[in-house]
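If you're wondering where the values come from, they're calculated on a predicted model, not measured in any experiment. In the text below, chain A, chain B and the rest are named by the order of the sequence lines, each starting its count at 1.
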Amino acid sequence: MPDFVNAGVLIANFLVLPGLTYGCQLALGALGVTLVYGILRYSNFAHGETMSFGAMVSILAMWLLQAWGVSLGPLPTVLLALPFGMLATIVFCLLTDRWVYRHYRRHKAPTVTLLIASVGVMFLMNGIIRFIIGPGDRSISDGARFIFNAREFRRATGLAEGLALKTSQVITVLTAVATVAALFWFLNRTRTGKSMRAYSDNEDLALLSGINPERVVMITWILTAVLATIAGTLYGLDKSYKPFTYLQLLLPIFAAAIVGGLGNPLGAIAGGFVIAFSEIGITFAYRKFLAYLLPESWEPEGLVQLLSTDYKFAVSFVILVLVLLTRPTGIFRGKTL
Amino acid sequence: MSGAGRKTLLFGIMALLLVLVGVLQSWSLALAILNLCLISAIMALGVNIQWGYAGLFNVGVMGFAALGGLACVLLSTPPVAAAWAAGGGRIMIAAAIVLVTIVVTVMLFRRLPRGPADAAAALVILAGYFAARAFFDPAVDAIESVNPAKTGYLGGLGLPIILSWFVGGALAAGAAWIVGKISLGLRADYLAIATLGISEIIVAILKNEDWLTRGVKNVTGLPRPVPHEVDLQQTAWFQELAQSLAIETVDLSSILVKLCYAGLFTAVLLAVWWLSETALRSPWGRMMRAVRDNETAAEAMGKDVKSRHLQVFVLGSAVIGMAGAMLTTLDGQFTPASYQPLRFTFLIWVMVIVGGSGNNAGAVLGGFLIWFFWIEAEPIGLWLMDALTAGLAEDSALRLHLLESAAHMRLITMGLILLLVLRFSPRGLIPEEKR
């Protein structure tokens, strides 16, 4: 007899929860990329490193706090250190803008030049990060690891299949929701946010109405730095902090931003979840799931995995290509070509 | 200073730097750097063809270079007969199914209107996928269980490894054609992101498809186009030569082998350089520059911008693939895990920008100079850190951390060099000539 409950719990544990968490991380990352694209009009290849930088400073501050004996009890201490990470990343972003990007903006350089400059910034940041914290792998989650683990769930419900809810998953989703709500409130309700949207929409018209472009750019970098720090730290909290993984995150983040429509914040969020769920859904082994649903004699032999997990890049790439071929402006009409 | 004088001076300085390494460190090291400089220069030429001639931003250099490495394995290693017997046929059937699926899908889109074509194509692709997997999975298991410690893969054709340089170019050109077909003609950023993606995928395939490449178990002991040091040391004429030159046979053999490689690489570099310089001077080159500088005007003159871009993208990628095959030949082994984007993609970009985009001499100089500093940044950084922290105690934590992290100085240096050149000398050390 098909066992729908256990199959559902299995999917929730291995597909829905990780997908939701990963989707939040990608969405926050893609929001940063899309903001820079919307205002400064280039794809920022240094964004992965910006995330890594923010996470790194947060970790350094966390160590300091831990040395002082400060802790948040069951919550990870790194949350308390986030403001330090944000502040340092804001300073870093504003400095790179002042020293690198502003020059090209003033000279109206082609966007590809800005893109190459961002590659230079990426190199530089990557070196600085490895220089300061080293290339090693660090686990940064302290406090309680689970809200409830698989064994407790099984005992409480009497089901065969377990469901574990990690603290980092709940924190990721809650933080992401709060951040996105604050961002949208800012963009839609405040005067500064409206001036940013106006600038992104039509630069000349915005200049004519007296919007100060340098101020818009500054606010953009501040928002980007805050988003990147949160995204980077959440990713580090969920998996572990390892400098080079952030370079690899660049592809799914760009894919998320493009799939949603570059320059469109709503699109970035949708894109993040599309990429996350397809990545996990396609690399998930469905054998046990089918075993619950199908009669015993039909039970599949292999793992019933469409693609091995090593090919998760391929998923973001294929989705990207499909969108480029059928709807080049993304799901939510971003900037047109 | 005039263009020619500047060029001579800069190349002179480069030669001097290499000689200095020879005198101060060792000649064997100087030649090792030189060989990689030559390969880097060819890769930089490939990127320059795409970026300098046509303004195409390719961040997938790593993938195309890795395909070149794959060509070395597929061509030069001896075939593993047992593995072919175990699963070769089924792999071929799976490949044929994939091919048929693609052909049928394309036909469907050509023949049917949009809506039915989508549905039919989805069905065909699903059916093709499961059919191919049915043959592919057991074949892979069978192949990988054939003596996994030593082979566990299909092996190659056992042909001379030099041929793989051309095959590597062809493989890279094929991949470039597919990527270009999809993303050229869209906004410039899309090509960048698409190439970034395809290069990650290529490397992921090479790492995980053990039946094809042994994956992270690496293929070592590839055949060489030049004699082995050990064989040289045992021949009579070589021992006499070493005696008459008063050099240890071991040292001389290593120098001679590296010189042989240097000769081969120089020949390829000169050929590629000459070809791309001739192309640049020809009407084709003028057309490419016209397309690069003003697409709209070129299109108005009846030039097919998209297919010109595709052409130049494929050509540049072929050169990169060739250089990738040469690199694997020099290493004598294929190690998929060693392909890192910072080293294989972004470093090549620093070379092109620093040397001077749109200028072949510039790209070659950039390749030499940047590779040289990439290698020497570590000893220089270590020396610098040692000098800076000389005042601190021997075992101070800060000093130890700084010395340990000196290796990461090279990334910081490369980033700084790229940013400084882009800002203050955007046309590079040897700017593009006005024609």
Side-chain angles (χ1 to χ4, degrees), chain A residues 37 41-43 45-46 96 99-100 103-104 107 109-113 115-117 119-135 243-244 247-248 250-252 254-255 257-258 262 302 306 308-314 316-318 320-321 324-326 328 335-337, chain B residues 51 55-57 59 118 129 133 137 178-179 182-183 185-190 192-194 196-201 203-205 207-209 215 340-342 345-347 349-350 352-353 357 401-402 404-424 426:
Chain A
Y37 189 87
R41 296 187 163 72
Y42 73 93
S43 308
F45 269 68
T96 46
W99 288 336
V100 180
H103 171 79
Y104 303 105
H107 290 256
T111 50
V112 181
T113 315
L115 210 161
I116 297 177
V119 167
V121 173
M122 181 193 85
F123 243 114
L124 193 67
M125 284 181 103
N126 199 300
I128 292 176
I129 290 164
R130 289 181 195 209
F131 192 83
I132 296 178
I133 203 167
F244 86 88
L247 188 61
Q248 294 179 332
L250 209 54
L251 181 67
F254 270 124
I258 291 180
L262 260 179
L306 290 172
S308 109
T309 33
D310 306 301
Y311 291 127
K312 52 182 201 277
F313 308 111
S316 10
F317 181 76
V318 169
L320 181 69
V321 166
L324 286 187
L325 288 179
T326 53
K335 291 261 166 290
T336 39
L337 292 172
Chain B
W51 167 245
L56 298 176
F57 192 71
V59 246
D118 285 346
Y129 172 82
R133 281 285 294 262
D137 288 351
I178 297 172
V179 181
I182 296 167
S183 51
L186 294 169
R187 188 172 41 214
D189 310 38
Y190 285 167
I193 293 156
L196 182 77
I198 198 81
S199 70
E200 293 284 1
I201 292 174
V203 173
I205 292 177
K207 270 187 200 159
N208 293 303
E209 297 305 318
Q340 300 286 340
L342 282 177
T345 297
F346 297 114
L347 192 66
W349 267 97
V350 178
V352 175
I353 302 285
S357 40
H401 176 78
L402 284 178
E404 197 183 309
S405 311
H408 307 304
M409 278 300 284
R410 53 158 61 151
L411 295 173
I412 301 181
T413 324
M414 287 306 141
L416 269 183
I417 292 180
L418 177 62
L419 287 176
L420 289 175
V421 169
L422 198 63
R423 171 79 160 78
F424 295 105

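For Ile128(A), the parts lying under 4.5 angstrom from a heavy atom of chain B are both the backbone and the side chain. Using a 4.5 Å cut-off between heavy atoms, Val112(A) contacts chain B through its side chain alone, with no backbone atom that close. At a 4.5 Å heavy-atom cutoff, the contact between Ile198(B) and chain A is made by backbone and side-chain atoms alike. In this structure, the portion of Val59(B) lying under 4.5 Å from any heavy atom of chain A is its side chain and not its backbone. In this structure, the portion of Pro341(B) lying under 4.5 Å from any heavy atom of chain A is its side chain and not its backbone. In this structure, the portions of Phe131(A) lying under 4.5 Å from any heavy atom of chain B include both its backbone and its side chain. Only the side chain of Met122(A) has a heavy atom closer than 4.5 Å to any heavy atom of chain B.
Note on Gly120(A), Pro252(A), Gly134(A): by heavy-atom pairs under 4.5 Å with chain B, the leading option is Gly120(A). Ranked by heavy-atom pairs shorter than 4.5 Å toward chain A, the options Ile205(B), Thr413(B), Ile417(B) are led by Ile205(B). For the set Leu250(A), Leu320(A), Ile132(A), the entry with the most heavy-atom pairs within less than 4.5 Å of chain B is Ile132(A). Between chain B and the residues Gly127(A), Pro135(A), Ala109(A), the largest count of heavy-atom pairs under 4.5 Å involves Gly127(A).
The two residues Leu419(B) and Tyr104(A) come nearest to each other via the heavy atoms O-OH, 4.3 Å. Residues Ala192(B) and Phe45(A) share a closest heavy-atom pair of CB-CZ, 4.1 Å. Closest non-hydrogen pair, Leu422(B) versus Thr113(A), comes out as CD2-O, 3.9 Å. What you find for Ala314(A) and Ile201(B) is that their closest heavy atoms are CA-CD1, 3.5 Å.
Taking CD1 of Ile193(B) as the reference point, atom OG of Ser316(A) lies at 11.5 Å (rounded to 0.5 Å). Here the CG atom belonging to Leu247(A) is positioned 7.0 Å from the CD atom belonging to Glu200(B), to the nearest 0.5 angstrom. Atom-to-atom distance recorded for Leu124(A):CG and Leu418(B):CG is 10.0 Å, nearest 0.5 angstrom. Between atom CG of residue Leu342(B) and atom CZ of residue Phe123(A) there is a gap of 5.0 Å, rounded to the nearest 0.5 Å.
In this structure, the side chains of Leu262(A) and Tyr190(B) come closer than 4.5 Å at one or more pairs of heavy atoms. When side chains are defined from C-beta on, Ile116(A) counts as touching Phe57(B), because their heavy atoms get closer than 4.5 Å.
Partners of Val321(A) according to the side-chain contact (heavy atoms from CB on, under 4.5 Å) rule, which considers only residues two or more places apart in sequence or in another chain, are Phe317(A), Leu325(A), Ile182(B).
For Arg133(B) (side chain) and Leu306(A) (main-chain N/O), a donor-acceptor pair under 3.5 Å exists by modelled atom type.
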